[in-house]
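Residue numbering restarts at 1 for every chain, and letters A, B, ... go by the order of the sequence lines. Note that the structure is a prediction, hence the values are computed from the model and not measured.
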Amino acid sequence: MLDEILKSIVEMEEEEAIKKAKEYLDGGGDPQKLLEVCRDAMGEVGARFEKGEYFLSELILGGEIFKQIMEFTLPKIKGESVKKIGKIVLGTVKEDVHNIGKDIFKVFAEASGFEVIDIGIDTPEEKFVEAVKEHKPDIVGMSCLITAGVTSMKKTVDKLKEAGLRDSVKIIIGGGRVDESVKEFTGADAWADDAAKGVRLCKQLIGVEG
Amino acid sequence: MVSNAKELAEKRLARLMAAMNLEEPDKVPLAGVGGDIVPAYSGLSMYEYCYDSEKALKAMENFLKDFPCDWPFAASVSGLDGRVFNVAFSEFPDISINLTFITGPMHDVLGDKYYRYPGREISEDSSPQFIGGSFMEADEYDKLIEDPVKFIAETVLPRACRNLETPRKAMATMVRLGTEISKFNAMMMQTVGLMQELGYPAMALGGAYAPLDLIGDFLRGVENLLLDIRRYPDKVKAATEALVEPIMNYALAHKNIGATLAFIPLHLNEYLSPKLYKEFYWPTLKEVIVRLVNEGFKVMVFFEGRHDAHLETILELPKGWGVAYFEKTDVVKAKEVLKGHTCVMGGIPMGLIVGGTPAQIDEYVKNLLEKVKPGGGFILAPGVGTAPRETPVENIKALIEAVEKYG
């Protein structure tokens with residue numbers, strides 16, 4: 001049963017996957033095991049994306065299926081603790097109001113076992129600083145779509161430096177228009193222009209196998 | 001001076017046309033950078049640039065004087081894509097073509113939920129941004145398919161624009177929109193005059209759109225549409241087919257202003273697997289392009305993101321159809337595939353211009369042009385034309401100088 005659920009998610013069979021997951025839980029299945037299978041499935045979707053077999057539409061649909069299954073699975077796990085591999089403070093940087101890239105990354109990061117604190121779009125540098133102080137994350141993830149976001153990323157890294165917080169976190173930047181030279185320019189630790197790579201690098205940044 | 005400007009414009013135009021016609025120009029043409037740096041260079045906020053046409057024109061003049069190129073494609077107009085309005089007005093060609101760009105003042109008049117403008121929803125220094133949204137339900141495809149113009153004009157736009165919510169509001173809004181169109185056209189005339197003075201070719205640009213993008217950007221929202229493709233494939237496909245005619249009506253209306261080049265910016269191309277691309281995106285986009293070519297247009301398509309997986313489909317278009325402008329697709333590889341068939345444009349990552357040094361830029365342009373210059377049919381351009389306001393101007397200079405040296 002769990003194998004079939006995994007296959008349905010990976011093959012993008014939305015209705016099948018959700019139906020089987022419900023059946024599995026209704027039949028007394030272990031929600032923790034279902035969660036693990038869904039995470040494995042998302043890992044496989046990400047891997048296929050990185051191999052060029054899957055595209056953004058599959059990442060988005062895979063994320064949608066995962067979210068739908070989690071809606072009725074997670075409440076059954078509460079009480080028992082869901083193990084997290086690390087904490088990410090995530091936001092779209094100042095002067096950029098786009099959320100799609102951030103949201104795709106968030107689903108995949110959560111599916112990989114990260115706790116994600118989403119601080120929104122058009123996020124001022126100070127808000128990143130406050131969030132780092134408050135949540136003490138392992139990683140700060142900054143997203144942007146428009147080119148202007150690139151300079152906001154740099155300013156945010158600078159603000160974290162000023163606040164003396166730069167060395168306490170790893171910083172990853174993401175978005176369609178970031179690349180190696182943008183990483184150098186901003187002073188981030190890693191960059192990704194897709195969610196699958198982003199999550200893989202986040203695992204590497206905290207020393208969990210990617 | 002005037003004759004010099006004229007000569008210069010002719011030389012630049014010849015350079016561009018040679019590249020578009022797959023010939024080798026005297027020098028590789030450069031389509032320059034633009035965007036936020038244009039107002040910033042003159043100390044203007046983005047808000048002023050979007051709302052004060054006199055200041056905007058002056059900023060454009062300052063920028064184009066100091067950073068010349070062959071085609072200041074990205075350094076003019078500060079409007080955002082308004083193709084849903086083009087379709088809504090597609091039965092009225094004289095109106096339809098005026099709404100390709102929705103300017104800040106037009107956005108205010110419409111009260112739409114598609115755009116965010118500096119000094120309005122976002123800070124005065126922010127770039128104007130398109131975010132789209134979902135203004136059509138999944139069970140409304142039949143209405144869209146049956147009469148796309150009626151459905152968009154009468155159902156979608158009243159939802160998407162606060163000031164079109166009721167017929168009464170719409171009356172006043174349309175009068176005001178007409179006033180803004182007149183102002184915008186007057187500014188465009190001044191821009192053309194300025195371009196001529198500065199020795200730039202006056203190229204009237206037409207436009208069209210990929211039918212699936214129209215649904216994703218303006219009707220359903222990108223995420224919803226991607227789910228719709230899986231859930232209701234036949235409906236989505238029929239909707240793209242229904243949108244071809246109104247898009248063509250809008251596109252062909254540009255004949256009246258003497259446009260010979262139609263610009264189509266793509267969005268969802270990079271989202272789709274080759275299978276989905278060939279089934280839902282490409283057939284109707286191809287039809288739009290081929291029909292424009294048959295009507296005497298050249299077409300310039302901006303392939304956003306990575307188009308590598310779909311590169312070969314471009315060869316299905318008639319040879320010499322136009323310009324394939326790539327954002328992140330490797331232009332060296334693209335030129336290899338499209339050589340002798342399609343003019344290739346792009347090549348400069350904006351990250352390099354923002355974060356690189358003049359020496360790195362020189363080296364990069366030298367290496368790139370060595371590979372793509374032979375045989376012609378190439379226009380050098382930033383992958384995305386909008387340079388952030390803090391872009392080091394010495395880097396923009398370095399780009400221009402490198403093209404002078406190695407072009």
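No salt bridge links B/Asp228 with B/Lys235; every basic N to acidic carboxylate O contact stays at or beyond 4.0 Å. Salt bridge status for A/Glu16 with A/Lys19: present, with a side-chain N to carboxylate O gap under 4.0 Å. Taking 4.0 Å as the cut-off between side-chain N and carboxylate O, A/Glu180 and A/Lys183 count as a salt-bridged pair. We find that A/Lys22 and A/Glu71 are not joined by a salt bridge, their nearest charged nitrogen and carboxylate oxygen being 4.0 Å or further apart.
Remark: the B/Tyr281 side chain and the B/Asp213 side chain contain an N/O donor-acceptor pair separated by less than 3.5 Å. Using modelled atom types, one finds no donor on one side chain facing an acceptor on the other under 3.5 Å when comparing A/Glu95 with A/Ser152. Between the side chains of B/Asn269 and B/His310, no donor-acceptor pair is found at a separation under 3.5 Å.
Of the atoms belonging to A/Leu61, heavy atoms from both backbone and side chain fall under 4.5 Å from chain B. In this structure, chain B has a heavy atom under 4.5 Å from the side chain of A/Val150, while its backbone stays farther away. Contacts between A/Glu64 and chain B at a heavy-atom distance below 4.5 Å involve the side chain alone, from C-beta outward. For a residue to count as touching a neighbouring chain, one of its non-hydrogen atoms must lie under 4.5 Å from one of that chain's; by this rule A/Asn99 does not touch chain B. Within the 4.5 angstrom heavy-atom criterion, only side-chain atoms of B/Ser123, from C-beta onward, approach chain A. Only the side chain of A/Glu14 comes within less than 4.5 Å of a heavy atom in chain B; its backbone stays farther off. With a 4.5 Å cut-off on non-hydrogen atoms, B/Glu270 touches chain A through its backbone and its side chain both.
Residues of residues 155-168 of chain A that come within less than 4.5 angstrom of chain B, heavy atom to heavy atom, are A/Lys155 in numerical order.
Ring orientation note: the planes of B/Tyr232 and B/Tyr141 are tilted relative to one another, at an angle of 30° to 60°. Using a 30° and 60° split on the angle between ring planes, B/Phe303 and B/His307 fall in the tilted class, from 30° to 60°. By the 30° and 60° cut-offs, the orientation of the rings of B/Phe63 relative to B/Phe67 is tilted.
Other residues, nucleotides and ligands place no more than 12 heavy atoms under 6.0 Å from the NZ atom of A/Lys7. For NZ of A/Lys84, the number of neighbouring non-hydrogen atoms (other residues, nucleotides, ligands) closer than 6.0 Å is greater than 12.
By number of non-hydrogen pairs under 4.5 angstrom with chain B, the leading residue of A/Gly149, A/Gly63, A/Ser181, A/Ser57 is A/Ser57. Between chain A and the options B/Thr391, B/Ile122, B/Leu268, B/Val384, the largest number of non-hydrogen pairs under 4.5 Å is found for B/Val384. Comparing B/Asp125, B/Leu276, B/Asp36 by heavy-atom pairs within less than 4.5 Å of chain A, the highest count is held by B/Asp125. Ranked by heavy-atom pairs under 4.5 Å with chain A, the first of B/Glu121, B/Arg230, B/Met46, B/Met350 is B/Arg230. Here A/Asp96 is the residue among A/Val178, A/Asp96, A/Asp179, A/Val182 with the most heavy-atom pairs under 4.5 Å with chain B. With chain B as the partner, the residue from A/Asp122, A/Ile100, A/Leu59 showing the most heavy-atom pairs under 4.5 Å is A/Ile100. Among A/Lys94, A/Glu184, A/Glu58, the residue making the largest number of heavy-atom pairs under 4.5 Å with chain B is A/Glu58.
Although no hydrogens or angles enter the test, the distance criterion places a donor-acceptor pair under 3.5 Å between the side chain of A/Lys87 and the main chain of A/His135.
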